[in-house]
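What's counted below: heavy atoms across the whole structure, side chains too, no hydrogens, waters or symmetry copies. Naming convention: chains lettered A, B, ... in sequence-line order (proteins, then strands); numbering from 1 in each chain.
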There are 2 protein chains.
Amino acid sequence: MKDLVSRCPIEEVMQVISGRWPSLLIYYLKQGTKRFSDLRRDNPTISHKMLTLELRKLEDAGIVERSEFEGYPLRVEYDLTPAGLKLVPLLDALGSWWDATAAGRSQGSTLPVEVTK
Amino acid sequence: MKDLVSRCPIEEVMQVISGRWPSLLIYYLKQGTKRFSDLRRDNPTISHKMLTLELRKLEDAGIVERSEFEGYPLRVEYDLTPAGLKLVPLLDALGSWWDATAAGRSQGSTLPVEVTK
DNA sequence: TCGTGGTTACAAAAAGGTGCGTAATTTACT
DNA sequence: AGTAAATTACGCACCTTTTTGTAACCACGA
């Protein structure tokens with residue numbers, strides 16, 4: 001994995017929230033504190049490996065906070081940080097944008113736009 | 001290549017704007033009309049193949065419009081659609097969010113914040 | 001021959017899945 | 001009482017799948 005640190009903040013956010021899982025995990029975490037096994041139940045198709053990797057990434061990005069409690073069975077809780085909470089409406093805005101532009105996209109095939117000079 | 005069409009709009013947008021290139025391409029396209037070769041110059045590290053694939057994806061998503069002009073050396077122009085233009089401020093907001101939360105992130109492991117004697 | 005905007009086939013790289021091991025304690029069974 | 005199994009949140013090794021890069025090819029006309 002290349003830690004290509006770009007000068008562009010948008011590129012950097014994208015490195016974190018890109019992919020299938022981040023938005024889903026944020027979605028479930030905004031419902032409140034979740035444990036590892038909760039998140040696996042919320043999203044049955046993620047593997048435990050992926051879940052740990054993604055959570056670690058979100059943690060490093062300051063979106064998610066991980067709290068480990070002593071004792072056995074080991075208990076770990078995940079929450080959105082204040083920064084993570086502020087991210088939520090931005091993702092929602094993307095979702096709304098997608099819905100709002102659905103009309104232009106709904107009918108699959110390309111319309112014959114022949115722009116001739 | 002599973003076209004796992006989800007019920008969640010955020011998941012769907014993410015399938016389109018995720019990855020290294022979409023945000024960059026949108027960034028350059030918001031500067032105005034670009035040709036294929038312009039975009040390759042703007043972003044020298046994208047491969048020929050990736051550029052065509054990503055442009056196609058953005059086109060299918062209704063973010064980018066492709067205009068083909070007949071003639072000599074074939075000329076093709078790319079522009080943001082109105083929907084694509086509306087997406088720009090949302091991406092910018094993500095960038096601002098990233099910058100605003102920069103403080104909470106560890107900036108560089110080289111910083112010896114707490115030295116234990 | 002070069003440059004344009006593509007496509008295709010093959011190879012390399014990255015991402016992701018599977019299953020095993022780990023901890024200390026409780027419960028379940030013999 | 002002794003043993004076994006389950007529990008939680010992972011790490012690690014191995015293997016498969018997906019993505020991306022590389023290079024070659026195509027068409028056309030200057």
Side-chain angles (χ1 to χ4, degrees), chain A residues 1-6 11 14-25 28-29 32-61 64-79 110 112-117, chain B residues 1-6 11 14-25 28-29 33-61 64-79:
Chain A
M1 179 204 291
K2 296 215 171 162
D3 250 295
L4 177 71
V5 178
S6 74
E11 256 185 286
M14 280 310 167
Q15 289 180 10
V16 176
I17 62 170
S18 272
R20 186 171 169 189
W21 306 117
S23 64
L24 272 174
L25 296 181
Y28 286 114
L29 282 170
T33 300
K34 295 272 182 172
R35 300 182 57 174
F36 189 86
S37 47
D38 292 331
L39 291 169
R40 291 213 67 186
R41 264 185 293 274
D42 287 335
N43 209 105
T45 60
I46 195 172
S47 68
H48 74 271
K49 177 185 173 180
M50 268 298 100
L51 184 51
T52 56
L53 288 176
E54 296 292 307
L55 284 172
R56 207 65 76 205
K57 187 176 71 175
L58 293 175
E59 197 192 344
D60 291 345
V64 161
E65 192 194 348
R66 181 179 183 277
S67 313
E68 191 172 315
F69 297 86
E70 288 295 315
Y72 290 86
L74 181 60
R75 186 160 65 95
V76 179
E77 292 186 352
Y78 295 92
D79 286 280
T110 42
V113 185
E114 294 280 335
V115 185
T116 341
K117 190 177 180 183
Chain B
M1 43 194 150
K2 298 211 169 165
D3 252 294
L4 177 70
V5 178
S6 73
E11 256 185 287
M14 280 309 168
Q15 289 179 8
V16 176
I17 63 170
S18 273
R20 188 171 169 191
W21 305 118
S23 64
L24 273 173
L25 296 181
Y28 286 114
L29 283 169
T33 300
K34 296 273 182 173
R35 301 181 56 176
F36 188 86
S37 46
D38 292 331
L39 291 169
R40 290 214 66 187
R41 267 185 292 275
D42 288 336
N43 209 105
T45 60
I46 194 172
S47 72
H48 190 117
K49 177 183 171 182
M50 266 297 99
L51 184 52
T52 56
L53 288 176
E54 295 292 306
L55 283 172
R56 207 65 76 206
K57 188 176 70 175
L58 293 174
E59 197 192 344
D60 291 345
V64 160
E65 193 195 348
R66 180 178 182 277
S67 312
E68 193 172 320
F69 297 87
E70 318 213 338
Y72 340 102
L74 179 61
R75 186 159 65 93
V76 179
E77 292 185 351
Y78 294 93
D79 286 279

Could you write out each protein N or O paired with an N or O of nucleotides 11-13 of chain D at a distance under 3.5 Å?
from   : atom 1 : to    : atom 2 : distance (Å)
D:dG11 : O6     : A:H48 : NE2    : 2.8

Residues B:M50, B:N43; criterion side chain to side chain contact (heavy atoms under 4.5 Å, CB included); working and verdict
CA-CA 11 Å; B:M50 266 297 99; B:N43 209 105; over 6 Å; no

Taking for each residue the nucleotide of DNA chain C with the nearest heavy atom, is it A:P73 or A:E54 whose nucleotide lies nearer the 5' end?
A:E54

Counting distance only, does the side-chain N/O of B:T52 pair as donor-acceptor with the main-chain N or O of B:K49 below 3.5 Å?
yes

For the pair made of CE in B:M50 and P in D:dT22, what is the distance, rounded to whole Å?
11 Å

d(CG, A:L51; P, D:dT8) in whole Å:
14 Å

Can you check the A:L25 CG to D:dA9 P distance for me, whole Å?
14 Å

Using whole Å, what does the distance between atom C1' of nucleotide D:dT18 and atom CH2 of A:W21 come to?
15 Å

Rounded off to whole Å, could you give me the CD-to-P distance for the A:E70 and C:dT25 pair?
11 Å

What is the distance, to the nearest angstrom, from the CZ atom on A:F69 to the C1' atom on C:dA24?
18 Å

Going by heavy atoms in the side chains, are A:M14 and A:I17 under 4.5 Å from each other?
yes

Numerically ordered, the residues 36-44 of chain A set in heavy-atom contact under 4.0 Å with DNA chain C is none

Please check if the side chain of A:K57 supplies one atom and the backbone of A:V16 the other of a donor-acceptor pair under 3.5 Å.
yes

For the student: nearest non-hydrogen atoms of A:R40 and A:I46, plus distance
NH2-O, 3.0 Å

With heavy-atom distances below 4.5 Å as the criterion, would you say the side chains of A:R20 and A:T45 are in contact?
yes

Quick one: which of C:dT18, D:dT20, C:dG5 gets closest to the side chain of B:L74?
C:dG5

Spacing between A:R75 atom CZ and D:dT7 atom C1', to the nearest angstrom:
14 Å

Paired runs of 3 or more consecutive Watson-Crick or G-U pairs involving DNA chain C, with both pairing distances under 3.5 Å, are C:1-3 with D:28-30, C:5-30 with D:1-26

Are any of the side-chain heavy atoms of B:L58 and B:P22 separated by less than 4.5 Å?
yes

Evaluate the salt bridge (charged side-chain N to carboxylate O under 4.0 Å, His left out) criterion for residues B:R41 and B:D38: first the C-alpha distance (whole Å), next the side-chain angles of each, then the deciding distance (0.1 Å), finally the verdict.
CA-CA 5 Å; B:R41 267 185 292 275; B:D38 292 331; 3.2 Å; yes

Quick one, B:V64 with B:L25, criterion side chain to side chain contact (heavy atoms under 4.5 Å, CB included). Give me CA distance, side-chain angles, the key distance, then yes/no.
CA-CA 10 Å; B:V64 160; B:L25 296 181; over 6 Å; no

Is there a side-chain contact between A:W21 and A:L53, using heavy atoms and a 4.5 Å cut-off?
no

Send over the distance from A:Y72 OH to C:dT25 C1', rounded to a whole Å.
10 Å

A:D42 to A:Y28 - nearest heavy-atom pair and separation:
O-OH, 3.4 Å

So if I take every side-chain heavy atom of A:R35 and compare against C:dG17, C:dT4, D:dT8, which nucleotide ends up nearest?
D:dT8

Taking all heavy atoms of B:Y78 and all of B:R35, pick out the closest pair and write down the distance.
CD1-C, 4.4 Å

How would you label the contact of B:Y78 with the nucleic acid (heavy atoms, under 4.0 Å): base, sugar-phosphate, or nothing?
sugar-phosphate

